[in-house]
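Remember, it's 1-based here, ligands and their atoms both numbered in the order they're listed. All residue numbers refer to positions in the sequence shown, counting from 1. The model shown is predicted, which means the values in this text are computed figures rather than measured ones.
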Amino acid sequence: MAIKIGLLGFGTVASGIPFLLKENGDKITAAAKDEFVIAKVLVKDDDEKNRLLAAGHDYHFVTNVDDIVKDPEIDIVVELMGRIEPAKTFITKALEAGKHVVSANKDLIATHGKDIIGLAKDKGLAFYYEAAVAGGIPVLRTLANSLTSDKVTRILGVLNGTSNFMMTKMVDEGWTYEDALKTAQELGYAESDPTNDVEGIDAAYKAVILSQFGFGMTIDFEDVSHQGISTITPDDVAVAQELGYVIKLVGDVRETDSGISAQVSPTFLPKEHPLASVNGVMNAVFVESIGIGESMYYGPGAGQKPTATSVVADIIRIGRRIVDGNVGKSFNEFSRPTQLANPADVKSGYYFSLTVPDKKGQILRLAEIFNGEDVSFSQVLQQRGDGQKAQIVIVTHALSLTQLENVKAKLKAQSDFTLLNSFKVLGD
Ligand SMILES: NC(=O)c1ccc[n+]([C@@H]2O[C@H](COP(=O)([O-])OP(=O)(O)OC[C@H]3O[C@@H](n4cnc5c(N)ncnc54)[C@H](OP(=O)(O)O)[C@@H]3O)[C@@H](O)[C@H]2O)c1
């Protein structure tokens with residue numbers, strides 16, 4: 001008897017599932033010890049149903065989710081609609097009706113995952129979501145299973161393909177942010193409203209999920225600080241290169257003495273850092289741990305087949321457990337009380353770019369401000385001024401978030417200084 005699947009949504013990712021079930025059917029059946037059948041597919045309305053049937057998709061399309069969640073024959077519901085609602089309601093209904101659930105919905109899992117995971121646990125059901133972080137890279141299961149013996153101390157990730165494509169163009173070809181965004185939209189990498197990608201929100205969702213798998217702590221989305229790439233100027237990119245760095249949007253989750261910290265921000269990566277060579281739409285997750293040391297998981301963070309591959313891996317895992325009679329094990333069993341880091345313990349080097357009056361003594365004034373907060377310079381670059389203003393770039397040794405805020409406040413208090421940008425610098 002085959003294991004029956006109900007798909008919610010038939011867009012980019014969902015429509016990649018039949019390809020794998022067909023082209024890799026023998027291996028999938030052997031791994032699960034049973035066959036999978038797509039029993040029903042939920043679409044929005046009859047127009048969509050008729051369009052898909054006319055295009056040759058020979059499935060039992062339904063327009064009411066109850067036709068799936070109340071169907072006693074369906075074992076696994078696969079939610080691939082995206083967004084919070086109605087996905088949250090539909091997943092909840094499915095779990096309440098005793099269905100196992102697979103999803104790739106990072107927005108939902110990062111913001112409402114606790115409730116859904118709790119419900120699945122109470123019901124003894126599986127809720128798996130490998131594709132929610134870095135699409136085709138099997139990083140969640142790697143953290144949950146292969147790294148069980150290891151203690152993760154920091155996870156750094158290039159987690160958003162759209163912004164990484166844009167940053168690659170800005171770094172390699174000197175494009176402006178606006179040109180890079182326009183091309184990303186033309187190529188279909190960026191949506192017409194690109195906010196989630198370029199402002200670091202999508203990467204912050206993934207950081208929330210990584211914090212659970214890497215550190216056993218469920219950090220709230222609101223506690224992930226996120227800064228996007230929209231303020232990065234060609235000047236910042238050029239200076240980074242001159243100083244031996246590449247700028248990328250990096251998610252950074254780490255454990256300090258006082259607790260966990262998660263940030264998404266443009267980051268100066270030393271050119272030799274493995275993440276610095278992750279280009280275009282590719283993603284990578286770089287894990288620092290006490291056992292393995294450093295390891296990096298690299299691959300396509302999105303795309304139909306890569307993402308569907310992760311979704312089908314979840315389906316197989318559930319199918320196999322149904323067959324073996326031990327289904328219901330949590331996707332991630334590592335759980336500890338969540339403790340947020342004290343900002344004084346979260347330390348990094350920082351880049352400051354600012355304009356100052358084009359006259360003698362400005363570096364001294366800056367040195368006094370930074371010294372006053374016990375922050376030392378690692379590099380200083382002064383660009384030729386125009387007689388009125390000069391630009392100065394400072395890279396500091398490690399300073400804490402508390403020191404960072406204090407330095408910024410003092411710089412802003414100088415009416416003749418303008419702080420143009422400040423970004424994290426890795427490796428100092
Ligand atoms: N695409 C990727 O590479 C990728 C990578 C990793 C994770 N994901 C995640 O995977 C999920 C699916 O992404 P996708 O790219 O496949 O999205 P998509 O192409 O937009 O597909 C979603 C489909 O669900 C349909 N839908 C929306 N609301 C529905 C409803 N109430 N009832 C029935 N159908 C509904 C949409 O119809 P309309 O178009 O008419 O709204 C669309 O056909 C998302 O959570 C996404 O974040 C995607």
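- Backbone and side-chain nitrogen or oxygen atoms of Val13 are examined, and one is located within less than 3.5 angstrom of a nitrogen or oxygen of ligand 1.
- Here the heavy atom of the protein found nearest to atom 10 (O) of ligand 1 is Ala104 CB, 3.5 Å.
- The protein non-hydrogen atom at the shortest distance from atom 39 (O) of ligand 1 is Lys44 NZ, 4.9 Å.
- Nearest protein neighbour of atom 47 (O) of ligand 1, counting heavy atoms only, is Lys106 NZ, 3.3 Å.
- Applying ring pair (Phe, Tyr, Trp, His ring centres under 6.0 Å) to Phe268 and the options Tyr350, Phe352, Tyr351 leaves one that passes, Tyr351.
- For the pair Leu249 and Gly200, the tightest heavy-atom approach, listed with the atom from each and the gap, is CD2-CA, 4.1 Å.
- Taking the centre of each ring, Phe10 and Tyr59 come in below the 6.0 Å mark.
- Each of the atoms 24 (O), 34 (N) of ligand 1 lies under 4.0 Å from some heavy atom of Gly9.
- Atom 31 (N) of ligand 1 has Pro86 CG, 3.4 Å as its closest protein atom, hydrogens excluded (heavy atom only).
- Among all protein heavy atoms, the one lying closest to atom 5 (C) of ligand 1 is Thr307 OG1, 3.3 Å.
- For atom 18 (P) of ligand 1, the closest heavy atom belonging to the protein is Thr12 N, 4.0 Å.
- Proximity of Leu108 to ligand 1, defined as any heavy-atom pair under 4.0 Å, is not found for any part of the residue.
- No donor-acceptor distance shorter than 3.5 angstrom exists from the side chain of Asn160 to the backbone of Asp202, with no hydrogens or angles considered.
- From the protein, the heavy atom lying nearest to atom 12 (C) of ligand 1 is Leu80 O, 3.5 Å.
- By the criterion of a heavy-atom distance under 4.0 Å, the backbone of Ala131, and not its side chain, is placed next to ligand 1.
- For the pair Arg141 and Tyr128, the cation sits on the ring face: its NZ or CZ lies under 6.0 Å from the ring centre, inside 45° of the axis.
- The aromatic rings of His226 and Phe221 lie parallel to each other, with less than 30° between the two planes, well short of the 60° mark.
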